[in-house]
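A short write-up of the structure that comes next.
Because only heavy atoms are used, hydrogens play no part in the values below, and waters and symmetry mates are left out as well, while side chains stay in. These figures come from a predicted structure and were not determined experimentally. Index from 1, following the sequence.
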Amino acid sequence: MRWLSAGFSVMKFVFLRKISLSVFLFFGVLAVRAIPAVVAAEKPGGQAEWDKAIAGAKKEGTVYLWGDMEITHPDIVAAFTKEFPFIKPITVTGRVGDLTMRILSERRAGKYLADLYSGVVGGAAFYEFYRTGVLDSVKSVFVLPEITDEFQWLGGKHHYVDPETQRIFLYEGNVAGTSVFYNTESVKPTDFSSYWDLLDPKWKGKIAMFERVGSGFPSLTPVYYNPRLGPDFIKRLLGEMNVTVSRDRRQATDWLGTGKVVLCIGCADVERASRDGMPVSELDRKHLKEAGNNIGLNGNSGLALISKPAHPNAARIFVNWFLSRRGQTIWQETMNTKVGEPSNSMRIDIPKNNVLPAARREDGEKYQVTGFLDPGPASKLIDELLGRKGAK
């Protein structure tokens with residue numbers, strides 16, 4: 001009978017396990033059915049807003065991106081399109097001055113063709129857009145948590161250029177360079193301890209300045225407002241040193257590399273020229289005591305939402321993607337490796353190994369981010385000193 005008792009115990013155990021399994025599955029099904037309702041109840045408002053923007057963007061199908069390589073480079077556009085194939089980016093690029101005037105003139109004619117604009121903040125474009133009321137709040141379209149979480153950005157905060165801190169988002173954070181470039185075969189950095197050393201008579205006739213068409217001389221705007229330099233320095237520089245002005249980006253740097261001039265203020269593409277073997281470099285801040293340790297607007301890029309955008313939902317999607325970890329990683333890599341322009345994102349949660357030396361920040365260093373500096377007074381003074389007609 002012991003085998004019968006043992007068999008009965010086994011059957012009882014199997015029976016109880018089946019009951020337990022059935023009960024578990026029954027309540028499991030109920031739990032699964034209840035999950036959508038719970039998720040719906042706890043669904044964050046940001047997610048609902050994002051879903052609404054996605055639906056709207058699918059209907060719009062297009063976003064117009066205006067500016068320089070910051071948002072118009074093919075690699076950046078391709079990466080965005082890969083993630084959002086239902087949005088077709090239309091890029092409009094060209095000289096900053098031309099784009100600025102085109103946007104302003106088209107709006108006066110009742111044409112609202114631009115959705116987003118990105119470019120260097122130190123020039124005239126952003127200032128004119130802000131001054132004429134062309135910009136909407138880009139801050140208002142932030143949806144994704146990785147955008148709104150300010151601790152992932154330099155200094156634990158978002159940085160804006162405009163006084164209202166909502167219209168022009170500064171996403172690039174290169175420490176302000178000196179914008180004074182030199183021929184390494186003809187000039188010793190130790191010859192300098194101050195910007196005022198540029199006025200040494202031995203440099204007379206050997207200095208060039210690069211003028212950006214439509215933007216003028218943005219590198220001299222912070223000099224104009226620097227209390228240790230100011231208008232007096234600019235007056236002496238242009239009045240005493242026989243400075244040569246070039247509007248050709250390549251020409252000014254070639255002059256510097258070939259020794260036609262040995263110093264250049266505001267020259268472009270010097271990092272690339274140096275990699276190509278030209279004897280050119282930028283004077284380090286330690287050799288110009290007035291340079292400070294700031295992240296200024298000159299050479300750094302911002303993003304703005306143009307008011308009355310034709311494709312508001314698609315613009316919202318692009319802004320959130322572009323400022324995300326993924327978007328900024330692609331932007332930073334493209335600018336440094338493809339465009340060859342030293343660029344460092346304000347995001348601190350992305351790799352920095354591909355950032356060119358000129359744009360690197362020191363870990364643990366505190367930097368001061370400066371806001372708008374009206375380029376008008378500096379430009380007016382420079383035009384007067386160059387004897388240009390129409391300077392008022």
Can you measure from [atom1] ([X]) to [atom2] ([Y]) and round to the nearest 0.5 angstrom?
X      : Y      : atom1 : atom2 : answer
Leu116 : Leu305 : CG    : CG    : 6.0 Å
Leu256 : Ser281 : CG    : OG    : 9.5 Å
Arg325 : Ser345 : CZ    : OG    : 12.0 Å
Glu384 : Leu381 : CD    : CG    : 6.0 Å
Ile348 : Arg361 : CD1   : CZ    : 8.5 Å
Cys267 : Glu282 : SG    : CD    : 10.5 Å

Would a 4.5 Å heavy-atom cut-off, applied to side chains only, mark [X] and [Y] as touching?
X      : Y      : value
Ile317 : Ile54  : yes
Tyr160 : Ile168 : no
Tyr130 : Val161 : no
Asn226 : Tyr195 : no
Thr81  : Ile87  : no
Leu220 : Ile382 : yes
His159 : Met346 : yes
Asp136 : Ile306 : no

Please answer whether the main-chain N or O of [Y] pairs with a side-chain N or O of [X] as donor and acceptor at a distance below 3.5 Å.
X      : Y      : result
Ser274 : Val270 : no
Thr253 : Ala268 : yes
Asn242 : Lys204 : no
Asp115 : Pro309 : no
Ser343 : Glu341 : yes
Asp98  : Gly94  : no
Asp68  : Val120 : no

message: Does Arg347 form a salt bridge (charged side-chain N to carboxylate O under 4.0 Å, His left out) with Asp349? I'd like the steps, not just the answer.
response: CA-CA 6 Å; Arg347 289 201 75 106; Asp349 58 350; 2.8 Å; yes
task: Look at the aromatic rings of Tyr64 and His311 and report parallel, tilted or perpendicular, splitting at 30° and 60°.
output: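 Ring orientation of Tyr64 relative to His311: parallel.
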message: Students often mix this up, so state it plainly: with edges at 30° and 60°, are the rings of Trp203 and Phe192 parallel, tilted or perpendicular?
response: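 Aromatic pair Trp203/Phe192 classed parallel.
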task: Please test Asp162 against Gln166 for side-chain hydrogen bond (donor to acceptor under 3.5 Å, both in side chains), starting from the C-alpha separation and ending with a verdict.
output: CA-CA 7 Å; Asp162 58 293; Gln166 62 174 324; 5.6 Å; no
Chi angles and distances behind the side-chain contact (heavy atoms from CB on, under 4.5 Å) call for Arg212, Phe217: CA-CA 6 Å; Arg212 298 173 183 266; Phe217 304 92; over 6 Å; no
Any donor-acceptor N or O pair under 3.5 Å, side chains [X], [Y]:
X      : Y      : result
Gln332 : Asn336 : no
Trp321 : Glu83  : yes
Asn313 : Glu60  : yes
Tyr367 : Asn294 : no
Ser246 : Gln251 : yes
Glu70  : Ser118 : no

Do you reckon [X] sits in the same ILVMFWY cluster as [Y], going by side-chain contacts under 4.5 Å, direct or chained?
X      : Y      : answer
Leu135 : Met101 : no
Val261 : Leu199 : no
Trp255 : Leu237 : no
Leu263 : Trp196 : yes
Leu356 : Val280 : no

- prompt: Where do Arg326 and Glu333 land on the salt bridge (charged side-chain N to carboxylate O under 4.0 Å, His left out) test, with the steps shown first?
  reply: CA-CA 11 Å; Arg326 170 72 173 157; Glu333 180 179 358; over 6 Å; no
query: Do Asp269 and Arg250 pass the salt bridge (charged side-chain N to carboxylate O under 4.0 Å, His left out) test, and can you show the C-alpha distance, the side-chain angles, and the key distance before you say yes or no?
result: CA-CA 8 Å; Asp269 301 329; Arg250 179 70 177 269; over 6 Å; no
message: Could you check whether Phe80 and Phe318 have their ring centres less than 6.0 Å apart?
response: yes
message: Can you confirm whether or not the ring centre of His158 sits under 6.0 Å from the ring centre of Phe142?
response: yes
Between [X] and [Y], does any side-chain N to carboxylate O distance fall below 4.0 Å?
X      : Y      : result
Lys52  : Glu49  : no
Arg102 : Glu106 : yes
Lys235 : Glu240 : no

field: Worked check of side-chain contact (heavy atoms from CB on, under 4.5 Å) between Val77 and Thr91
entry: CA-CA 9 Å; Val77 172; Thr91 60; 3.8 Å; yes
query: Thr93 pairs by side chain to side chain contact (heavy atoms under 4.5 Å, CB included) with which of Ile71, Thr72, Leu65?
result: Thr72
- request: Walk me through it: do Tyr117 and Phe126 pass the test ring pair (Phe, Tyr, Trp, His ring centres under 6.0 Å)?
  value: CA-CA 9 Å; Tyr117 179 86; Phe126 279 106; 5.2 Å; yes
message: For Glu290 and Arg228: C-alpha separation, side-chain torsions, deciding distance, then whether salt bridge (charged side-chain N to carboxylate O under 4.0 Å, His left out) applies.
response: CA-CA 7 Å; Glu290 300 88 357; Arg228 292 187 286 176; 5.8 Å; no
message: Assess the residue pair Ser307 and Arg107 against the criterion (side-chain hydrogen bond (donor to acceptor under 3.5 Å, both in side chains)); give the C-alpha distance rounded to whole Å, side-chain angles, the decisive distance to 0.1 Å, and a yes or no.
response: CA-CA 10 Å; Ser307 62; Arg107 291 176 71 84; 2.4 Å; yes
message: Walk me through whether Trp331 and Tyr171 qualify under ring pair (Phe, Tyr, Trp, His ring centres under 6.0 Å).
response: CA-CA 10 Å; Trp331 168 81; Tyr171 61 84; 5.2 Å; yes
query: Any idea which heavy atoms bring Val63 and Ala314 closest together, and the distance?
result: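 So the two residues come closest at CB-CB, 3.8 Å.
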- prompt: Pick from Arg95, Arg249, Arg388: which one makes a salt bridge (charged side-chain N to carboxylate O under 4.0 Å, His left out) with Glu211?
  reply: Arg388
